[in-house]
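Data first, discussion second: the structure below is written as structure tokens.
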Amino acid sequence: QVQLVESGGGLVQPGGSLRLSCAASGSIFHIYDMGWYSQAPGKQRELVTTHSSGGNIYYTDSVKDRFTVSRDNATNTAYLQMNSIKPEDTAVYYCNAGVATIRTRARHDYWGQGTQVTVSS
């Protein structure tokens, strides 16, 4: 019913930048919050940032002042601008969205397929 498609990952050198995108599509009535999680090899998936429909934004401490989340509500797309990237940012980044569908109007969590970010010189 709802699909999240991510793009923008890749290989980047330390100190570089990347911009991830997450486009939501399908039977969408309302998107509450959109955010990004990261999962490094051998570790649990962790919250990186969220952006509510009301404009409230949360960042985990390790990415504050380096990463910026934004949303385009007209296109149901979220972005993660990653600057001053560090080797420890290497992970698969997953888009997450809290979405109410047209049919049920109930909020459910949806996930993208993940996009790999590798930081290496």
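Atom set for the values below is all heavy atoms of this structure, side chains included, hydrogens, waters and symmetry mates excluded. Numbers here are sequence positions counted from 1.
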inquiry  = Run Gln113 and Thr115 through side chain to side chain contact (heavy atoms under 4.5 Å, CB included) and show every step you take.
reply    = CA-CA 7 Å; Gln113 80 282 3; Thr115 185; 5.5 Å; no
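- Looking only at side-chain heavy atoms (C-beta outward), Leu11 and Ser120 come within less than 4.5 Å of each other.
- Comment: Asp61 engages Lys64 in a salt bridge, judged by a side-chain N to carboxylate O separation of less than 4.0 angstrom.
- Counting non-hydrogen atoms of neighbouring residues, nucleotides and ligands closer than 6.0 angstrom, the CG atom of Asn73 exceeds 12 such neighbours.
- Cluster membership for Met34 and Tyr94, using ILVMFWY side-chain heavy atoms within less than 4.5 angstrom, is not shared.
- Hydrophobic clustering of Ile, Leu, Val, Met, Phe, Trp and Tyr side chains at less than 4.5 Å, counting indirect connections, keeps Val48 apart from Tyr58.
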task = Determine, stepwise, if the pair Gln1 / Arg103 fulfils side chain to side chain contact (heavy atoms under 4.5 Å, CB included).
result = CA-CA 9 Å; Gln1 290 181 326; Arg103 183 175 69 87; 3.4 Å; yes
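- The CD1 atom of Ile57 sits 8.0 Å away from the OG atom of Ser52 when rounded to the nearest 0.5 Å.
- A continuous path of hydrophobic side-chain contacts links Val12 to Met82 [ILVMFWY only; heavy atoms under 4.5 Å].
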task = Kindly indicate, with the supporting measurements, whether the criterion side chain to side chain contact (heavy atoms under 4.5 Å, CB included) is fulfilled by Arg66 and Lys86.
result = CA-CA 10 Å; Arg66 299 190 300 120; Lys86 303 176 180 181; 3.7 Å; yes
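- A 4.5 Å side-chain heavy-atom check between Asn83 and Gln81 finds at least one atom pair inside the cut-off.
- Cluster annotation: Tyr110 and Val69 are assigned to distinct hydrophobic clusters (Ile/Leu/Val/Met/Phe/Trp/Tyr, side-chain heavy-atom contacts under 4.5 Å, transitive).
- In this structure, the side chains of Ile102 and Ile28 stay at 4.5 Å or more apart for every pair of heavy atoms.
- From Cys22, atom SG reaches atom CD of Gln3 across 11.5 Å, with rounding to the nearest 0.5 Å.
- Note on Tyr37 and Leu4: separate hydrophobic clusters, where clusters join Ile, Leu, Val, Met, Phe, Trp and Tyr whose side-chain heavy atoms are under 4.5 Å apart, directly or indirectly.
- Remark: the Thr50 side chain and the Asp33 side chain contain no N/O donor-acceptor pair separated by less than 3.5 Å.
- The shortest side-chain heavy-atom distance between Trp36 and Leu20 falls under the 4.5 Å cut-off.
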Full working for side chain to side chain contact (heavy atoms under 4.5 Å, CB included) between Leu80 and Phe67 = CA-CA 7 Å; Leu80 182 64; Phe67 291 8; 4.1 Å; yes
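- Note: Arg107 CZ to Thr101 OG1 = 12.5 Å, rounded to the nearest 0.5 Å.
- The side-chain heavy atoms of Thr60 and Thr49, taken from C-beta on, include no pair separated by under 4.5 Å.
- Annotation: the span from Thr118 atom OG1 to Gln13 atom CD amounts to 13.0 Å, rounded to 0.5 Å.
- Looking at Thr90, its side chain does come within 3.5 Å of a backbone N or O of Val119 through a donor-acceptor pair.
- Proximity of Ser21 to Glu6: side-chain heavy atoms (C-beta onward) are nowhere separated by under 4.5 Å.
- The cationic group of Arg105 lies under 6.0 Å from the six-membered ring centre of Phe29 and within 45° of the ring axis, placing it in a cation-pi geometry.
- With a 6.0 Å cutoff to the six-membered ring centre and a 45° limit on the axis angle, Arg71 does not count as a cation-pi contact of Tyr79.
- Side chains of Leu47 and Arg45 form no contact here, defined as non-hydrogen atoms less than 4.5 Å apart.
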